[in-house]
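Chain letters run A, B, ... following the sequence lines, proteins first and then strands; every chain starts at 1.
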Amino acid sequence: MKRRQFIRLSSLASASLTVPGIFRRGQTLLSAHQSGKRLIIIQLTGGNDGLNTMIPYSDDTYFKARGKLAIRRQDALYGHDLQGFHPALSGLKSIYDQGWLSIVNSVGYPEPNLSHFRSMDIWHTGSDARDYLASGWLGRWLDQHPGRPHEAIQVDQALALALKGDHRQGFALRNPQALNRAAKSPFLDAVTAHRHAHEEDMASYLYQTLAETQESAAWLLEKSKTHSASTSYPATQLGKDLRTIAELITADSDTRIYYASLTGFDTHVNQANRHERMLRQYDEAVTALVRDLKAHDLLTDTLIMTFSEFGRRVQANGSGGTDHGTASVLWLINEGHLVKPGFVNAPPDLIHLQDENMVFEVDFRSIYADILRSWLDTDPQIILGTGHPPIARLLIA
Amino acid sequence: MLTHQQKLAHLYSRAGFGLSPAEWIRRRDWSIEQAVVDLFREADRTPSLGGTTTEEMSDIEGALSRMQRRQQRKQANQEQRRLLITGLNRDWVHRMADPQRVGFREKMMLFWHGHFAVQTLFAGLARTYANTIHQHALGRFSDLTLAMATDPAMILFLNNQQNHKDHPNENFARELMELFTLGRGQYSEQDIREGARAFTGWACQPLKGEFIYKAADHDGGQKTFFGQTGNWNGQDILEMILNRPESARFVTRKIYRYFVHDTPDEARIESLSIRFFQSGYDITSLMKEIFLSDWFYDLANVGNRIKSPVELIAGLLKSFHGSFDDPTALAMGQSALGQVLFFPPSVAGWHGGKSWIDNQRLLLRLQLPMILFEAANVDLPLPGDPEAVDQMAAIRRLKADVDPQSLLAMVHGLPMQEARNQLIAYFLPHQPPDELDWINAYARAADPTRQMLTFAIRLCGLPSYQLA
């Protein structure tokens, strides 16, 4: 046995003594070669109710405002004296117990916009509420890092604005098999084979995109065959998507950024059951992913960020739900690079509201800036521009 | 250098959505002047949207009353809204694809929809908005801007309904200057605050879809806008904004980038905008000047613009005499491709250009003609992989009707090679036919008719077809 391999095995073995059962199951000793840090972003679409995700159970205002929707202290999973987890988040709670989770309360931006689409665009582009940018923050990162077309992958039917740069774009796929089937017909192969030197920019751009799609599709399919997930994933769409990501990561696919999303958080009516269901879906899929990454000894080099375009109103509405809000909670998962595992800041201030909504405390771009600097080796100002709040200190480079 | 026919094809693809095969045969030897004059003649005779859908409306009403019996009222209302607005969406797309027309006014409307971008889910408001754009699309930009400032969908979308005397909301005033007229850097924050005060009381009755001026909610105090102090109303603000040549330059640049080339030629834009300003913002003269200029037909301006999803769909329908039975299917197709009418991503409209394309959407676009024919149950020897189409499951339910007779008539009786050349000239911007000989191998069929049709669909599956 080679010395390097031995060290890896022994460190894994010692780790397994301290990790709880759910992270040990299905563990394999396969370890992928890996080239640097990876970022996975999970988007909760529709406006996730942060207050009912990380429960501020020591705040009477919460119980008054939320009435029957409030999660009781005895039902919440204990985090610390001021805040705990929604009961459906038992996996995330275990990740927290391991010290692999940093939770940031009250994340938002000035002049909050309550439209799903607009607020999502603001999060995707990293712009001010008054600006309209045509490129996303990760797309602009791609512009700075010439590489293969699949440098950033979104597991979806189409590419989000976050991954569209001014010059380069991320790569969308639902899974490598489906993409390869779509990209590989005899006719499309012939199209690529017969492409001529086109003078017009746009024509060559299209032909090049097609050729790169075919090339990457074949390569990713090949890679994804070499490794498969070592743990079982839930049969939900998010479960499948995160499994695809895990397969590509363990197969060492050169991809630095992965993007997945879960839709259905717009809980205007009868929130309790629906929100519970959504969080459970999230929790099961993410717990499987973390377990899988841990099993491959890849959790130290993988950072998972979960966000939503906004939170929800403090006061419940009259239909057993909550309306669009502003600041919400965001969390990061990683082993070993979190400056402050656990709850990073105080629970949200529910007294001093603006137009009945919470006032943000942490600008999301200060977190982006931290990720860009500490995780993606980039000067944040190049991507986000100047004049933003100071860089958050959540990550150890 | 372009041939005369290539120039005409360029004009029709930019000013409209291309021509149907029959119209192409009829017009392909027209002079440019003749064609341009005819564009405006057609535009003058274009009826407004929604006049033809009474029958469909009653179909929808019927479906609704059945639904209402079964389901909760609220759900039915949502369904009603969706059906009505997708019906309007389809009506507009079918106009673009009308085989007898160019669709020039519809193209201008699409441009203005992206410029004065509004999202609405209410069919009544959408119809009013679309027809207001229809009315002013080739009139004076100043009239169009005033009409948009009083349009109920716009008022709701940009929160002017919440712009009160005691508590102004700056959203409309800001976008008016930043996105609709002057562009960034041409005004101050004070201009926005004071401008917003001038638009207080400009409200609407959403259910009636009517503008109302609430005099009691209007701030009648002194306002200082662009350094001038007075008791300004919204109309005064619009006038002061449009008195600045910067507004003409901003709008001209946007039109140039949409109709001519994404990379602005500042000298040309400057000279166009001076005349646009002097004409009192007459959109017709501006468009005429562009279409009659020599540079519009420069090789560099031809075939380098990525068609928007709606343009792509309309063009295909027009060439193959297609139509959508089910308006929902069309809306789903638009959504999969990234452009839903009455639902631009934000007030900044669609970004356009390369942003239409990602690797998945490019594959979907290339397969779109095949999907349309499969959906229409036209049996063609195209070895499509059904799973490949699955990447956008929704689009499989497109349920389009197609009738390729007019396309086949265009090449009827011609020798095979000549017929292919005709199809290439019709579908693709200045493509040398000999570069495409290889397609023959992928267009084999039992009889010449089906072979021609297969060849045509193959052409529409090329990346070059994505360009106009």
Side-chain angles (χ1 to χ4, degrees), chain A residues 113 115 117-118 120-122 130-135 149-150 154 156-161 163-164 166-167 169-174 177-188 190-196 198-210 212-214 216-217 269, chain B residues 119 157 174 178-179 184 262-263 299-300 302-306 336-338 343-349 351-355 357-367 370 382-385 387-394 429 432 435-439 441-442 458 461-464 466-467:
Chain A
N113 193 300
S115 148
F117 306 94
R118 181 62 196 137
M120 195 59 96
D121 273 6
I122 291 167
R130 292 176 179 184
D131 283 346
Y132 296 91
L133 298 185
S135 64
H150 52 267
Q154 178 169 13
D156 209 331
Q157 303 284 28
L159 203 64
L161 182 53
L163 292 158
K164 294 188 178 186
D166 294 311
H167 309 290
Q169 295 200 332
F171 199 76
L173 57 90
R174 189 95 251 181
Q177 292 76 21
L179 178 69
N180 204 56
R181 277 198 300 269
K184 208 141 171 62
S185 74
F187 179 67
L188 286 181
V191 170
T192 305
H194 288 90
R195 78 176 154 142
H196 292 260
H198 283 268
E199 291 163 34
E200 313 83 41
D201 293 347
M202 285 300 179
S204 59
Y205 173 74
L206 293 176
Y207 279 95
Q208 190 184 334
T209 303
L210 176 63
E212 287 177 354
T213 301
Q214 292 176 310
S216 282
V269 289
Chain B
Q119 295 173 355
F157 182 49
R174 181 180 303 279
E178 181 182 335
L179 297 170
R184 301 204 83 174
D262 196 41
T263 309
L299 190 58
V302 178
N304 64 358
R305 185 175 178 279
I306 298 179
L337 291 163
F343 222 84
S346 76
V347 62
H351 297 305
K354 290 180 181 173
S355 80
I357 302 293
D358 62 50
N359 60 308
Q360 290 270 31
R361 284 189 164 139
L362 177 60
L363 291 177
L364 181 62
R365 277 169 166 254
L366 297 179
Q367 291 178 73
M370 225 155 77
L382 291 161
D385 178 347
E387 284 197 276
V389 176
D390 252 351
Q391 58 169 326
M392 299 275 181
E435 284 184 3
L436 297 174
D437 283 343
W438 62 270
I439 292 182
Y442 298 87
R458 288 303 192 199
L462 293 175
S464 334
Q466 304 301 317
L467 300 168

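Taking every heavy atom of both residues into account, A:Met202 and B:Asn304 meet most closely at CG-O, 2.8 Å. For the pair B:Arg361 and A:Leu159, the tightest heavy-atom approach, listed with the atom from each and the gap, is NH1-O, 4.5 Å. Residues A:Asp121 and B:Ser346 come closest through the heavy atom pair OD2-CB, 4.2 Å. Listed here is the closest heavy atom pair of A:Ala190 and B:Tyr442: CB-OH, 3.3 Å.
Annotation: side-chain contact (heavy atoms from CB on, under 4.5 Å) contacts of B:Arg305 (sequence neighbours excluded): B:Arg14, B:Tyr258, B:Glu311. For B:Glu178, the side-chain contact (heavy atoms from CB on, under 4.5 Å) partners two or more places apart in sequence, or in a different chain, are A:Tyr132, B:Arg174, B:Glu175, B:Arg184, B:Tyr187.
For the set B:Gly352, B:Ala348, B:Gly461, B:Ala441, the count of heavy-atom pairs under 4.5 angstrom toward chain A peaks at B:Ala348. When A:Lys164, A:Arg118, A:His194 are compared by the number of non-hydrogen pairs under 4.5 Å with chain B, A:His194 comes out ahead.
Neither the backbone nor the side chain of A:Asn180 comes within less than 4.5 Å of any heavy atom in chain B. Neither the backbone nor the side chain of A:Ile122 has a heavy atom closer than 4.5 Å to any heavy atom of chain B. In this structure, no portion of A:Leu163 lies under 4.5 Å from any heavy atom of chain B. When heavy atoms are compared at a cutoff of 4.5 Å, B:Leu366 approaches chain A solely by way of its side chain, counted from C-beta outward.
Taking OH from A:Tyr205 and CG from B:Leu467, the interatomic distance works out to 11.5 Å, rounded to the nearest 0.5 Å. The distance from the NE2 atom of A:His150 to the CG atom of B:Asn359 is 11.5 Å, given to the nearest 0.5 Å. The distance from atom CG of B:Asp262 to atom CG of A:Asp201, rounded to the nearest 0.5 Å, is 10.0 Å. Between B:Leu363 atom CG and A:Leu188 atom CG the span is 6.5 Å, to the nearest 0.5 Å. Here CZ of A:Arg174 is found 9.0 Å from CD of B:Gln360. Values are rounded to the nearest 0.5 Å. Distance check, rounded to the nearest 0.5 Å: CZ of B:Arg365 to CG of A:Leu210 gives 13.5 Å.
Note on ring orientation: taking the six-membered ring where Trp is involved, the planes of B:Phe343 and A:Phe117 are perpendicular (angle over 60°, cut-offs 30° and 60°).
Between A:Thr209 and B:Asp358 there is no side-chain heavy-atom pair separated by less than 4.5 Å. Between B:Leu462 and A:Val191, some side-chain heavy-atom pair lies under the 4.5 Å cut-off. At least one side-chain heavy atom of A:Tyr207 sits less than 4.5 Å from a side-chain heavy atom of B:Ser464.
Under the 3.5 Å distance criterion, the side-chain polar atoms of A:Gln169 are matched with a main-chain donor or acceptor of B:Ile357.
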